[in-house]
Amino acid sequence: MTFSVPEKPTLDGIEEKWSKNWEKSGVFTFREDDTTSPIFSIDTPPPTVSGSLHAGHVLSYTHTDIMARFKRMTGHNVFYPMGWDDNGLPTERRVQNYYGIACDPSISYVPTFVPTPPTDANAKPLPISRTNFVNACQKLTQEDEQAFEKLWRTLGLSVDWSKTYTTIGQRAQRVSQLSFIRLFKEGALYHGESPTLWDVDFQSAVSQAELEDKEEDGLFYSINFSLAGTSDQVEIQTTRPELLASCVALVANPKDPRYQSLFGKFAITPLFEVEVPILAHPLAEIDKGSGIAMICTFGDLTDVLWWKELNLALRPTIDRRGRLASIDFSDERFPSKNPNSANAFYSEIEGKTTKTARTTIAKTLEVHGFFHDQPKKVRHSVKYFEKGDKPLEVVTSWQWYIRTLAHKERLLELGKELHWNPPYMKVRYDNWVNGLASDWNISRQRYFGIPIPVWYPIDDEGQIDRLSPILPEEDELPIDPFQDTPSGYDPGQRGEKGGFIGDYDVMDTWATSSLTPQIASGWEENSDLFKRLFPMDLRPQGQDIIRTWLFYTILRSYLSEDRLPWKNTVISGFVLDPDRKKMSKSKGNVVTPMPLIEKHGADALRYWAANGRPGVDTAADENSMKIGRRLAIKVLNASKFALAIAASELDVQGVSEVELSPIDEAVIRDLEGVVANATKSLDSLDHTRGLEATETFFWSFCDNYLELIKIRAYGTSEQGVTFTTSQTLSARITALAVINTSLRLLAPYLPFATEEVWSWFESGSVHSQDWPNDLTIMDTAKAYLGKLTSPEATLKTGEANQIETSAIYQVLSKVRRAKSEAKTSMKSPVSKLKIVGSSSIIRNFELAKNDLMVALVTNQINLVNNEDQADLEVEIELAPR
RNA sequence: GGGCGUUUAGCUCAGUUGGUUAGAGCAGCUGAUUUACACUCAGCAGGUCGGGGGUUCGAGUCCCUUAGCGCCCA
């Protein structure tokens, strides 16, 4: 048996060394032609490349990688691709800032334009064409993706890099557009002109999942409306008086006694003098203000609901820039009793932002005596786009929707079928599905995204006929309706009367990333592969995107395959900063992984991550990384030691049989228990317990077992004790078998250190070894015996001589305590050692007496049987110094 | 407002179906030692399990209540 153990083992540089080696040898490649091994497939979360990878990613991706490596070792053909989410708004924002550019679709393409970061950070953004802008996005995301890949490789993710996909790539485009077309034909996807939440800064619609409620200070205005045909007045309250011109009705709760007589009558809006009905609806809150509210087009989503349910008129006044649009009160849509004065009042606010218009019109109302009371301060929640800075408006526009409301029940059932880890995370999904209020708007008025694959005919009057969309054929996909021409038309007919025009919009990023299982596993491309991979085994992800990524993916899988996209999901917690505060860019406490890897090593960072349980928030704790590093170093050193003693000189001539010493057999039995335990834990996706079991054993193996058998394993004699060659071999092969097994148990957690050690004395990669079996450790020991002696040598175990390591370690500990209390060296001799206990306990020491004598440094151990002795009693006398 | 999670040694966390003196690592303190490992080794000390009530022979572990923290939904 030959070893090549470095003189001074080190963790330095092993990330680069082994990640390159793995790439070359292809140990992590999915074997598509292997149709016999069971498959374990992972639906990788594609990280947003426009952001930066932080410790939170490391946590979740390491958990996934531990499972991937474990499954690979248990004989699975692991399908573990990586995806990059480069599509969408976050990328646009990063590109705008990075290159100092802004997309202006009215500008024409400049082929020679090369985006470069601006020299003057304060310079105004350079307007460029849509195509140039999209190219700039492509360029930067590719650079970002390389940096991300480097980090993942350094962290040791066992990804099959040949399967990498991106959410803007050709494959993703084809899948997204194909799904779009099919859903449209089935009626699961529709388009129409309807009220939509709109971000005035981003100039785009947003979906329910992207909303964020923010508590804000506002003013509650109290305004008098006069009642039609009387001199009476009714007081309504609102936070948005600037919407007065778009008021279409007043509403109160049907149970509110104050307004019973008013229902069915009409009120006149102040200033604009438009007659509006007074109606009843249960959503009107009795105890909110005066209990009667104005319904506008549209102040919020409740207005939208009232508009639909009460069948009201439309009087839109807010335009897409969030300003008061130009309207005319002589128009039938705004039927003022006094159009001239209405127009005059309105001209004060026309063109202004909602915020400015609010204060302006409030002043006018007050001046003209329409205030019932002075405005009161209130805290109210306002809806924002999660990435936006201004409150959302509701505007009416053409959008594409995927139906969600119609499938609520089935979606809840699918949530039940999914195996959630931890199980309580399912509640978040249920909450979300139950709270769905609108279908999913998937169109975004942006540039860098997958085009909506639709054209519209232009009629002979030059009007776009949105109701007759032209769809591409499936085999034409992917298409860009701005570049490509629908069949039956000429490119020259673009934008002409009787011609066609492409849909301007792109899809919401989630409309693509909700298809990652289909994109990765060959849907509609390789049906044989798809059948084998889908549904996938594991979806790991963060708790923050249950309502988006997880929900949408289930929805899409249900719509296209009528079943779940995966069998299991593991939801990771947040990573908190070292002070247990949530990390966020604005707080500036984001922990980035690369410096941590440089400081502690990848295995150390993985160790920290492995100690975070699914669903539990975990602090970025460098202390834990230090402990991980210690473990990795211990693995190097202990292995080096075991190999060194195994290789030290010993005359094995004529050895044909070795009997395993009782303590050696005991430590192997301990390890069998650990293997069973770790396997069970990992099988149930509990990586933390799996690590804990192995780590505890391994550390005790180093501190207790190796210390105990050191002398015997070297084959030297001390304290007048000599060991036979058989006994020495027994210790050597046990140490080797334990190291071998421990390396495999630790390989998913510490892939670099274990691989490094494996390379010293075994062939191949530790990551393609079989996961240890609790029944075959003895076989491993026997194999090492064959290597150290001759292949024919037999190994005998002592069934009748079974002992427990715990009893032995207990005496070890008691003697150490005595020496420590005497402040003397562990190598100082013990002059007298008496152990009293029941015969069954004493038997342990009889069978390990020689090892104990040399390890404790004593030439005599007095063992006394006493059946009345409940506990072990040890008398220790140290030799005088 | 509804819901989920969490509260165990100075810190970070284990404590499986309720059962003997509540565990670990780190930090602290006391030592040892440099032929596997100073990114070492040994030992010591330190909690009555957020508060209150209850069920039980017995509760950190079940029930009720209350408070703090975090998050989800409205």
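Values below: all heavy atoms of this structure, side chains included; hydrogens, waters and symmetry mates excluded.
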>> I'd like the P distance from B:rC4 over to B:rG46, given in whole Å.
In response: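 Those two atoms are separated by 40 Å.
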> If we call it a pair only when both distances are under 3.5 Å in a Watson-Crick or G-U wobble match, what pairs with B:rU6?
Replying inline: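 Base partner found: B:rG68.
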> For B:rG47, which nucleotide in any strand shown is its Watson-Crick or wobble partner with both distances under 3.5 Å?
Replying inline: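 Partner of B:rG47: none.
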> Will you find, in the side chains of A:Thr780 and A:Asn740, an N or O donor that is under 3.5 Å from an N or O acceptor?
Replying inline: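 No, no side-chain donor-acceptor pair sits under 3.5 Å.
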>> Can you work out whether A:Gln208 or A:Ala619 has the more 5'-proximal nearest nucleotide on RNA chain B?
In response: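 Its nearest nucleotide being more 5', the pick is A:Ala619.
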Please work out if [X] contacts a base, only the sugar-phosphate, or nothing of the nucleic acid, heavy-atom cut-off 4.0 Å.
{"X": "A:Glu707", "result": "base"}
{"X": "A:Lys680", "result": "nothing"}
{"X": "A:Tyr714", "result": "sugar-phosphate"}

>> What residues from residues 412-427 of chain A pass a heavy-atom cutoff of under 4.0 Å to RNA chain B?
In response: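 Contacting residues: A:Tyr424, A:Val427.
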>> Could you tell me how far apart A:Leu691 (CG) and B:rA14 (P) are, to the nearest whole angstrom?
In response: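 Value for this atom pair: 13 Å.
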> Atom CG of A:Asp703 to atom P of B:rG25: distance rounded to whole Å?
Replying inline: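 Computing the A:Asp703:CG to B:rG25:P distance gives 10 Å.
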>> Less than 6.0 angstrom from the centroid, inside 45 degrees of the normal: does A:Lys634 satisfy that with respect to the ring of A:Trp699?
In response: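 So A:Lys634 does make the cation-pi contact.
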